[in-house]
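Single-structure report; data block below.
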2 protein chains.
Amino acid sequence: MSDAEQTREKILTVAADEIHLHGFQATGLSTIINRCGISKGALYYHFTNKLELGYAVFEEKYIPIFLDTWQPALSHEDPIEGLCDFFMSMCDAMVCSEAVCGCPLNNLCEEMANVDEGFRLRILTMQEKLNQLMVESLGRVKSDLRDNITLTQVAYFIVATFYGATTLCKGSRNKSLFQQVMLELCVYIRALRK
Amino acid sequence: MSDAEQTREKILTVAADEIHLHGFQATGLSTIINRCGISKGALYYHFTNKLELGYAVFEEKYIPIFLDTWQPALSHEDPIEGLCDFFMSMCDAMVCSEAVCGCPLNNLCEEMANVDEGFRLRILTMQEKLNQLMVESLGRVKSDLRDNITLTQVAYFIVATFYGATTLCKGSRNKSLFQQVMLELCVYIRALRK
DNA sequence: CTTGCAACAGACCAATCGGTTTGTTAATAT
DNA sequence: ATATTAACAAACCGATTGGTCTGTTGCAAG
């Protein structure tokens, strides 16, 4: 990787972390610059403006992370247990010390959906993609599931609950609260079976 | 109500609306001042700083609205149906034109929980209060419910799903998506019965 | 009549923001 | 050897932010 590419990568990595920690709008370019040890000239050489940097972080960092996080659960031979395992593992991964950052997708959706259309559409695309993946995943065991369920609806319900759990956890800084919601979510998911 | 009290009320009302629309940090004092048709001197006469104004908005505006919104559902003689009615009515109330603002509590929690401890504790108190109310409410018909359920856990689960649904709706600007999650939530709630 | 304070108005200020411009350097192509 | 360019460094800029400071006005008590 060339020096320039390394610089670009470093900017993206630091920006991704900073946006995850403090949100997009609250993240100053000066912070990114300082943490990277570069100048403003360097940043603006690689990105035309703050918004474009944000888009790049979303597409080159958040999307891959997001897919890598959900993929194992969804490609599990038994998606029901795959999801339950995933949610339980998220309980351990959830850090509740100084700050709870939660899911970058959820955060950006809350912060930017009403602020910038470019962000909103990217988030929307990702959410539809996740829903589609989940529908496909559950569809593979459709014969095991109750007859009266709508897969799309169920998929959105699951994601909504997951998102809401992270929000609650942010306010309470209580990992066990997150865990409780996840446990109940597992109860719900397992009850999808006949 | 005296003139001074009227001014204070107007500030609180406008600030509450503006914070609901754009969040606390993105709301400038100049916006509030302009919309109220007052001066900066007036604002700082009634509130020591922006943060204290935010707290006042939370306590004198958001908390009452929040309680008034949930109370009817929870004090319904049949809380299960009370909640279902409530969620269905929220589908109609949800506006999806230019922007989706969602629940002020959820918004502030997402934005401020990791930024200011004063906000976080106020939000936390309110969420615990809601949970307590919901547990009491469901507790009144406990004999009708399945034996293996934990009321607190169920209550947090319900609120989490509701919160997450508003987030999804923000990104998609699709009222029917919100409706789908609410429908599934009703399915879940009704399944709490024996 | 005047003194005093509540209730503002509005100029002012330092800090910070995203963004621009100019300058420098090292490498590469000719 | 020279010209060009990629890849930055850093001073600079206008706009905006929350916050302060110095008035000014109207009513009310003495």
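Computation of the quantities below employed the complete heavy-atom set of this structure, encompassing side-chain atoms and omitting hydrogens, waters and symmetry-equivalent molecules. Letters go in sequence order (proteins before strands), and every chain restarts at 1. Predicted model, so just to flag it, every value in this text is computed and none were measured.
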Handout entry: Heavy-atom protein contacts under 4.0 Å, nucleotides 5-16 of chain D, coded B base, S sugar-phosphate only, - none
Key = -SBSBB------

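Under the 3.5 Å distance criterion, with hydrogens and angles disregarded, no donor-acceptor pair is assigned to the side chains of Tyr163(B) and Asn106(A). Remark: the Gln132(A) side chain and the Glu128(A) side chain contain no N/O donor-acceptor pair separated by less than 3.5 Å.
The distance from atom CD1 of Ile33(B) to atom P of dT17(D) is 10 Å, rounded to the nearest whole Å. Rounded to whole Å, the distance from CG on Leu53(B) to C1' on dT17(D) is 15 Å. Atom-to-atom, CG of Asn34(B) to C1' of dG10(C) comes out at 13 Å; the value is rounded to the nearest Å. For the pair Leu43(B) CG and dG19(D) P, the computed distance is 10 Å after rounding to whole Å. The nearest whole Å value for the distance from the OH atom in Tyr44(B) to the P atom in dT20(D) is 7 Å.
Closest approach of Arg120(B) to Gly171(A), counting heavy atoms only: NE-O, 2.9 Å. In terms of heavy atoms, Ala160(B) sits closest to Thr161(A) at CB-O, 4.1 Å. Of all non-hydrogen atoms in Glu111(A) and Val115(A), the two that sit nearest each other are O-CG2, 3.3 Å. Across Lys170(B) and Asn107(B), no two heavy atoms sit closer than the pair NZ-OD1, 2.8 Å.
Within residues 54-61 of chain B, no residue places a heavy atom under 4.0 Å from DNA chain D. Using a 4.0 Å cut-off on heavy atoms, the residues of residues 11-29 of chain B that approach DNA chain D are Thr27(B), Gly28(B), Leu29(B), listed by number.
Side-chain atoms of Tyr188(B) and Val154(B), non-hydrogen and from C-beta on, do get closer than 4.5 Å to each other. By the 4.5 Å heavy-atom criterion applied to side chains, Phe157(A) and Val187(B) are not counted as neighbours. Between Thr13(B) and Val57(B) the shortest side-chain heavy-atom distance does not fall below 4.5 Å.
In this pair, Phe86(A) and Trp70(A) present their aromatic rings tilted. The plane angle is within the 30 to 60° band.
Hydrophobic cluster membership differs between Ile65(A) and Phe87(A), with clusters built from Ile, Leu, Val, Met, Phe, Trp and Tyr side chains linked at under 4.5 angstrom.
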